[in-house]
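Below is one structure, written out as structure tokens; comments come after it.
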Amino acid sequence: MFGPLSISFAPYIRSSKALSAWVKPIANWYANAAGYRKYGFKYDDLVMEENDEVQRALKRLTPQEAYDRAFRLKRASQASVLHKNLEKDQWIAASEDVRYLKPHVLSVLKEQAEREKWDNITVNKH
């Protein structure tokens, strides 16, 4: 899929047990090496916000999700200013790093595709 979430081979990899068993340790290593969890970020905190679809998806977050996201962004900003990672007990664990924004973005994209489909319908009078 192209768009705000980029291309993903995850569905194909998850469909194969052998491929999944081989790729999962590499994916976990890469996520840890990227270092965003050391600043308290979840993966979806790094999605580009300049996209219209992402902006609409952010408006659909629950108040708690929006607060948690803002808190993570401010905490990471402070850690960046101090040039230090967060304390190890404040890092985001792999089990906590869930895709909370992706369902909202997919919903927005689906609605946009449906809107484009219906906006192109022409009505003929007989």
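- Side-chain N/O atoms of Q64 and D68 include a donor and acceptor closer than 3.5 Å.
- Looking at E65 and H104, their side chains come closer than 4.5 Å, going by heavy atoms from C-beta outward.
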Show me the donor-acceptor pairs, under 3.5 Å and distance only, between side chains in residues 79-90 and residues at least two apart or in other chains.
| residue | atom | partner | partner atom | Å |
| --- | --- | --- | --- | --- |
| N85 | OD1 | Y39 | OH | 3.4 |

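- Within the 3.5 Å criterion, the main-chain N or O of K102 finds a donor-acceptor partner in the side chain of D44.
- Apart from W29 itself, the hydrophobic cluster it occupies contains Y30, where clustering links Ile, Leu, Val, Met, Phe, Trp and Tyr at side-chain heavy-atom distances under 4.5 Å.
- Clustering ILVMFWY residues whenever any of their side-chain heavy atoms sit less than 4.5 angstrom apart, transitively, puts V105 in the very cluster that holds V47.
- Residues satisfying the salt bridge (Lys or Arg N to Asp or Glu O under 4.0 Å) test with R60, not counting sequence neighbours, are E111.
- Residue pairs meeting the salt bridge (Lys or Arg N to Asp or Glu O under 4.0 Å) criterion with at least one member in residues 11-35: none, sequence neighbours excluded.
- For the pair L61 and Y100, the tightest heavy-atom approach, listed with the atom from each and the gap, is CD2-CD1, 3.8 Å.
- There is no path of hydrophobic side-chain contacts, each under 4.5 Å, that joins V108 to L58.
- For R72, the salt bridge (Lys or Arg N to Asp or Glu O under 4.0 Å) partners at least two apart in sequence or on another chain are D45.
- R37 meets the salt bridge (Lys or Arg N to Asp or Glu O under 4.0 Å) test with D97; sequence neighbours excluded.
- Scored by the side-chain contact (heavy atoms from CB on, under 4.5 Å) test, E50 finds M48 as partners (sequence neighbours excluded).
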Run the side-chain contact (heavy atoms from CB on, under 4.5 Å) check on L46 and F41 step by step: do they pass?
CA-CA 8 Å; L46 305 175; F41 282 127; 4.0 Å; yes
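- Residue pairs meeting the salt bridge (Lys or Arg N to Asp or Glu O under 4.0 Å) criterion with at least one partner in residues 115-126, sequence neighbours excluded, are absent.
- Of all heavy-atom pairs between A21 and P25, the closest is O-CD, 3.2 Å.
- Legend: residues meeting salt bridge (Lys or Arg N to Asp or Glu O under 4.0 Å) with E49, ordered by chain and number and at least two apart, are R69.
- Listed by chain and number, the residues in a side-chain contact (heavy atoms from CB on, under 4.5 Å) with A93 are S95, E96 (sequence neighbours excluded).
- Closest approach of Y43 to Y36, counting heavy atoms only: N-CE1, 3.6 Å.
- With sequence neighbours excluded, the residues forming a side-chain contact (heavy atoms from CB on, under 4.5 Å) with V23 are I13, L19, listed by chain and number.
- S15 meets the side-chain contact (heavy atoms from CB on, under 4.5 Å) test with Y12; sequence neighbours excluded.
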